[in-house]
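Remarks on the structure that follows.
Any value given below was found using the heavy atoms of this structure, including those in side chains, with hydrogens, waters and symmetry copies removed. Counting starts at 1 for both ligands and their atoms, following the listed order. In this chain, residues are counted from 1 in sequence order.
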Amino acid sequence: MSSDLDLNVYITEGRIEGADDGPLAGRTVAVKDNISTAGVRTTCGSEMLADYVPPYDATVVERLKEAGATVSGKTNMDEFGMGTTTETSAFGPTRNPVDPERVPGGSSGGSAAAVAAGAADLALGSDTGGSVRCPAAFCGVVGIKPTYGLVSRYGLVAYANSLEQIGPLAPTVREAAALLDVVAGPDERDATTRFGASDAGPDRHPAETTTYADAADGDVDGLTVGVCRELFDGADERVVETVESAVERLADAGATVETVSLPSVETAVQAYYVIATSEASSNLARFDGVRYGQSGGHDGDWNESFAESRSSFGPEVKRRILLGTFALSAGYQDRYYRKAQDARAWVRRDFDEAFDEVDVVASPTMPVLPFEAGETLDDPLAMYLADANTTPVNLANLPAISVPAGTADGLPVGLQLVGPRFGEQTVIRAASAVE
Ligand code: GLN
């Protein structure tokens, strides 16, 4: 394993000390560089924000400090979270600690690599379409994408707000769940941390009555696991075999294994890229050199200045702004955006129906083994298609975990377990039986 310097895990290294005691005292947490840290620059992996220093902490960072954690640094990421390899960063690619010739996955590749290489005990990433689960799978660690509304997004620089959540990465399921315990909960500064959204009662947020770490007890007696065939179709055979053996381990531990069909998931990645780029085209409008971002200069000529400022975005970000702007333009909305919303509703319904039959839905996290460095840079479509299994979960706003299933040709493979809304305990319990 290489040192973290070779791996390019951090964009900004440096300790931010937390309280003297608390549940994370003595633990280091690496934080993705799209999560705001007061006084410490937060670049989103972009030249655009290379000098941006936020005046405030994200709610999750406040909670880390209160819990006694030490933030070890701000981790490398695909620019604005747009990517699956951590190669679209303006700060150079991160390498995979398991095999430095391979990518760590993305977009939270720095966070996953930090945990896998021991550069931090734990990490936070953000997951818009798989960015916590993908790098967890590629680096052989655990990653949780929480139910939409479980964790505050206050201070997370938005890529596609209706899809994303901040989530924990850790070496084990229990540690990931314990980090979730610290960051989850209502926040009056984020209305999507929906009060009264669960069985917890009319005014309670589900995290207020739950200790997620306690669910990592390996007890899957009576649990029904639904194997989603559509999410195995087309996956690399080595991935399929490794994931199937992990599902067998669940059966050996006492779970019932069934097959479930979710036909809608085959539309998910297309719908995701329309919705995510549409939201991004609007969110990234604030980077114009006046409100945020590099100044464009050109005294008095607004168009020149705006164009100059926007030229500091990298090629993947520009591609997505163009795609999203096109999808939302007059005359095309019905053809793309509205259709994508219909697909999103269908995916949500399919999962709802599946959860009438089963407790968790199982699949490979990624249909492929970690890419070789550079492999997808000239082939964005290949990169987008690798998100086929993770994006349905964001469209449906559900909780999911990626847990190491084993290795194939020496490379890590992740098992994805998806649960019903606010069913974090169920996926944590099931995942802990796989370890
Ligand atoms: N790979 C996906 C994308 O590029 C997911 C990114 C993410 O979750 N931030 O959009």
Side-chain angles (χ1 to χ4, degrees), residues 31-35 43-46 75-89 93-94 103-112 123-138 143-146 148 151 153 156-169 268-284 313-324 327 340 344 365-368 370-371 375-377 379-402 414 416:
V31 174
K32 189 177 183 178
D33 210 22
N34 59 352
I35 298 173
T43 69
C44 294
S46 183
T75 57
N76 201 10
M77 56 180 283
D78 284 296
E79 188 176 0
F80 285 100
M82 298 177 183
T84 309
T85 64
T86 313
E87 293 174 301
T88 74
S89 169
T94 294
V103 304
S107 63
S108 314
S111 290
L124 288 180
S126 65
D127 191 312
T128 310
S131 283
V132 166
R133 290 160 288 155
C134 160
F138 280 5
I144 300 175
K145 182 264 172 212
Y148 192 74
V151 179
R153 288 184 297 106
L156 170 69
V157 181
Y159 158 18
N161 348 26
S162 81
L163 299 162
E164 57 211 3
Q165 277 286 287
I166 292 168
L169 292 128
V269 78
Q270 292 91 328
Y272 167 81
Y273 273 95
V274 172
I275 294 168
T277 58
S278 296
E279 293 187 22
S281 71
S282 161
N283 280 322
L284 270 57
F313 283 134
E316 185 59 33
V317 173
K318 286 180 184 158
R319 180 180 297 128
R320 299 211 187 181
I321 292 173
L322 288 172
L323 277 171
R344 183 175 192 170
T365 305
M366 299 301 288
V368 292
F371 297 115
E375 195 182 327
T376 62
L377 277 179
D379 190 357
L381 197 59
M383 184 178 80
Y384 299 169
L385 290 174
D387 298 331
N389 290 3
T390 50
T391 50
V393 175
N394 302 77
L395 291 175
N397 294 137
L398 299 173
I401 193 165
S402 180
Q416 172 173 259

Atoms of ligand 1 close to [X] [distance to a heavy atom under 4.0 angstrom, numbered from 1]:
{"X": "D127", "answer": "8 (O)"}
{"X": "Y159", "answer": "3 (C), 9 (N), 10 (O)"}
{"X": "Y273", "answer": "1 (N), 2 (C), 3 (C), 4 (O), 10 (O)"}
{"X": "G129", "answer": "5 (C), 7 (C), 8 (O)"}
{"X": "M82", "answer": "4 (O)"}

Looking only at protein heavy atoms, which one is nearest to [atom], and how far off is it?
{"atom": "atom 2 (C) of ligand 1", "answer": "D387 OD2, 3.2 Å"}
{"atom": "atom 6 (C) of ligand 1", "answer": "S131 OG, 2.8 Å"}
{"atom": "atom 5 (C) of ligand 1", "answer": "Y272 OH, 3.4 Å"}

Of all the heavy atoms in R320, does at least one lie under 4.0 Å from an atom in ligand 1?
->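 Yes, R320 has a heavy atom closer than 4.0 Å to ligand 1.
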Could you tell me whether S107 approaches ligand 1 through its side chain, its backbone, both or neither, with non-hydrogen atoms closer than 4.0 Å?
->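 Side chain only.
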N394 and its side-chain hydrogen bond (donor to acceptor under 3.5 Å, both in side chains) partner, picked from T128, D387, D127 =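 Of the listed options, the one satisfying the test is D127.
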Please report the closest heavy-atom contact between [X] and [Y], naming both atoms and the distance.
{"X": "K145", "Y": "L163", "answer": "CE-O, 4.4 Å"}
{"X": "V132", "Y": "P168", "answer": "CG1-O, 3.9 Å"}
{"X": "G125", "Y": "I35", "answer": "O-CD1, 4.3 Å"}

For L377 and E87, run side-chain contact (heavy atoms from CB on, under 4.5 Å): C-alpha distance rounded to whole Å, both residues' side-chain angles, the deciding distance at 0.1 Å, then the answer.
-> CA-CA 8 Å; L377 277 179; E87 293 174 301; 4.0 Å; yes
Are any of the side-chain heavy atoms of T390 and T365 separated by less than 4.5 Å?
->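 In contact.
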Before signing off on this row, confirm whether S126 and ligand 1 have an N or O atom pair separated by under 3.5 Å.
->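 The answer is no, given that S126 and ligand 1 share no N or O pair closer than 3.5 Å.
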Considering distance alone, does some N or O of G83 sit under 3.5 Å from an N or O of ligand 1?
->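 Yes.
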Trace of the side-chain contact (heavy atoms from CB on, under 4.5 Å) decision for S126 with M77 = CA-CA 10 Å; S126 65; M77 56 180 283; 5.8 Å; no
Which of parallel (below 30°), tilted (30 to 60°) and perpendicular (above 60°) describes Y273 and Y384?
->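 Parallel.
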